[in-house]
Novice: 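The structure follows.
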2 protein chains.
Amino acid sequence: MSLNLNLRKQQVLEAVVEDHIITAEPVSSRTIARKYQLGVSPATIRNEMADLEEMGLIEQLHTSSGRIPSQQGYRYYVDWLMRKSGLTTDEEGQIHTVFARQARELALVVQHAIKLVTQLTDYLVFFSGPQLEHTALQQVRLIPVAPERALMVIVSETGWVENKFVEFDFPVTVDDLEQVAGVLNDHFRGLTFSQITRTVLRSVYQELTEQRLLLDYVLEIMESLARRDYADGLYLGGARNVLKQPEYQDIQQVRKLLDLVEGEQTLREILHETTGEGITVRIGRENRQDQVQDCGVITAVYLLGGNIVGAMGLLGPVRMDYARASSIVDYIAQSLSGYLSGHP
Amino acid sequence: MSLNLNLRKQQVLEAVVEDHIITAEPVSSRTIARKYQLGVSPATIRNEMADLEEMGLIEQLHTSSGRIPSQQGYRYYVDWLMRKSGLTTDEEGQIHTVFARQARELALVVQHAIKLVTQLTDYLVFFSGPQLEHTALQQVRLIPVAPERALMVIVSETGWVENKFVEFDFPVTVDDLEQVAGVLNDHFRGLTFSQITRTVLRSVYQELTEQRLLLDYVLEIMESLARRDYADGLYLGGARNVLKQPEYQDIQQVRKLLDLVEGEQTLREILHETTGEGITVRIGRENRQDQVQDCGVITAVYLLGGNIVGAMGLLGPVRMDYARASSIVDYIAQSLSGYLSGHP
DNA sequence: TGTTAGCACTCTATGGTTCAGAGTGCTAAA
DNA sequence: TTTAGCACTCTGAACCATAGAGTGCTAACA
């Protein structure tokens, strides 16, 4: 619903939004007339502003203050007026350097990406780690470390590695472990983890009648790894930068932000809800999570071999620079996807 | 240097410190007379206070305000007056439950310990992860994952596991990897990582003339793991709790705290300096790190098999409850050490 | 009909002033 | 040595007055 605005109203709204994003202050008609050369006087702009206010796109804090955008105003801006700002070639270069330099340890890559975004913006950055769910298994190893314990190492075809202890209630032999690992590899190599949990029950048990007990333990762990969803691996940074934003001069706001950071659950939820392609922008009350109803949130997923394996987000005050922030999220998510899929 | 104080001066100082810790307000002579029954009038207490101020143990914000402890005052209190408060049996029970329930993954144990301390206090909690340095090697595995890549899994005798990719510049065979792993195990099993770096050069190279190139890569990684010091594995929590303290109503203070949290380096340094037995209390300018000169810091190491493998810390405002905080650090560090060494 | 100059009106933020209250230091008496 | 009494000091809250920014409205103008 485009809410038909004539050109000048659009220009005024754009001016209000962009000026407010920069200054964090209410924007007066005079400021717009002076800074944004619309070729009309403040009085005319005041008339337009009165209309925009009636439509709910801008609002006043009190009768004699300038206007600030309402959440709908930001939404209109993001949908119709915003020009993606793009990054400088210098910034793009920086990003590529970071991705190109990395070894194949995703945790490290993500941590460097966070540092990067932290330098590029003053918002909170957060990533969910990669999920195994849709990646294929390359091999499984079971390494004995004690009579009743083994280390299970799972290598995905994408080079991602997980390890977990398996604790048995009885002693196991090296032979047993190797045999089980062998059968698992024969059966499951090349399958994705979501496929494995389906087929597990049918095929393997017959072949390993002797180690059935042992297998119980091992399969349980493999399943839990595949089912792990977003329960693990939230990476974040930039909290201290956000304090530069004037809306976080109030200690209450800061506390809410820290709750978000330490709680992690809400951020996980936000990333979990992100599924579509491209970037998602949620402004204030558009967010389903209570704790971020006065924040702007920009998210995007990243891919590996065509599958969604994780997501990233940028969180700031409602008055955030959506043009720049969404450019950055877009670019980083795409670069990361490209890098992971081997097209650096 | 005990700074001889007569009994009443000690009582007054104790009252000033403890009342200030609770209320965060300057303490007046009248308050002390009323709440701390010393059997003398406010006027007498004022005389004692004047003396204590002259000795530099307490100070006034302005001529007509009550007194607050100076940093030396806190020091005197911690050294001579403080009675360790001990934990309730309920709290001790909670702690044991947490430690008893865990599998042998230290990262998890530490994370739970942090959560626990976060509930018990309103200070920032931080742990350094365990160091391999003084733990013995149990085994090394080299698992091929691609022609030029292998996964190196290192299991310590304490059940701690590390893995790292080894990237070769040339294809390696399974046989090569197994041979190298075999020799490494033969030579180094049971040695601590610090010992390994010493003996490496002498003994292994002769035996593996053919795989010498391959060995270069592998040994480099093993060395880097052993040398890792505190470069990795800082766990922390409780930042949002600290905001409850009135000294963090000021946004500047909050920013300093967040810098500490996100920077991590300073906290690592603090833990790294902690070496002695028992707990260490550093008050304000006693800290060597600029960023925490207006904080109180309590640290303790934790042990595994008699060796220091990590440390923990509690950080709050100078006006922190040293009695309770140091009891907690003491108890948690000891419980953790006990648990790790298998005496739960 | 759309635009704009002019003006009255409103609201906020700032600085100054006053005043009560809390707390001290000192003196003199017990 | 202790303490009651009192003068003195400083803070913080409350209360103004005022300047300034910005608006809405009206009436004139293109």
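We name chains A, B, ... by the order of the sequence lines, and we start the count at 1 in each one.
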Novice: Nucleotide range of DNA chain D contacted by chain B, 5' to 3', under 4.0 Å to a heavy atom?
Specialist: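 Counting from the 5' end, contacts occupy dT2(D) to dT11(D).
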Novice: Need to verify one output field. Residue with the more 5' nearest nucleotide on DNA chain C, R8(A) or A43(B)?
Specialist: R8(A)
Novice: In plain terms, say whether R285(A) and D294(A) are close enough for a salt bridge, that is, a side-chain N and a carboxylate O under 4.0 Å apart.
Specialist: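 No.
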Novice: Are there any protein N/O atoms within less than 3.5 Å of an N/O atom in nucleotides 16-19 of chain C, and if so, which ones and at what distance?
Specialist:
none

Novice: Closer than 3.5 angstrom, by distance alone: can the side chain of H20(A) be matched with the main-chain N or O of I68(A) as a donor-acceptor pair?
Specialist: no
Novice: Could you tell me whether a side-chain N or O of R282(A) sits under 3.5 Å from a main-chain N or O of V297(A), the two making a donor and an acceptor?
Specialist: no
Novice: State plainly whether the residues E14(B) and R8(B) are in salt-bridge range, i.e. N to O under 4.0 Å.
Specialist: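 No, this pair does not count.
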Novice: To the nearest Å, how far apart are R46(A) CZ and dG2(C) P?
Specialist: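 One finds 18 Å between P of dG2(C) and CZ of R46(A), rounded.
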Novice: For Y77(A) and E18(A), run side chain to side chain donor-acceptor pair (under 3.5 Å): C-alpha distance rounded to whole Å, both residues' side-chain angles, the deciding distance at 0.1 Å, then the answer.
Specialist: CA-CA 9 Å; Y77(A) 171 78; E18(A) 293 188 351; 2.9 Å; yes
Novice: E25(A) has an atom CD; how far is it from atom C1' of dT12(C), in whole Å?
Specialist: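 That distance rounds to 12 Å.
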Novice: Given salt bridge (charged side-chain N to carboxylate O under 4.0 Å, His left out), test R255(A) with D259(A) step by step and report yes or no.
Specialist: CA-CA 6 Å; R255(A) 180 163 302 154; D259(A) 282 351; over 6 Å; no
Novice: For the CZ atom on R34(B), are there more than 12 heavy atoms of other groups (residues, nucleotides or ligands in this structure) within a distance under 6.0 Å?
Specialist: yes
Novice: What's the separation between atom NE2 in H272(A) and atom OG1 in T266(A), rounded to the nearest 0.5 Å?
Specialist: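 Nearest 0.5 Å value for the NE2-OG1 distance: 14.0 Å.
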Novice: Would one find a side-chain N or O of S28(B) under 4.0 angstrom from OP1 or OP2 of dA22(C)?
Specialist: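 Indeed not, no polar side-chain atom of S28(B) lies that close.
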Novice: What is the distance, rounded to the nearest whole Å, between atom CD of E48(A) and atom C1' of dT4(C)?
Specialist: 13 Å
Novice: Reading DNA chain D from 5' onward, which residue's closest nucleotide shows up sooner: V40(B) or T63(B)?
Specialist: V40(B)
Novice: Round to the nearest Å and state the distance from R34(B) atom CZ to dA22(C) atom P.
Specialist: 11 Å
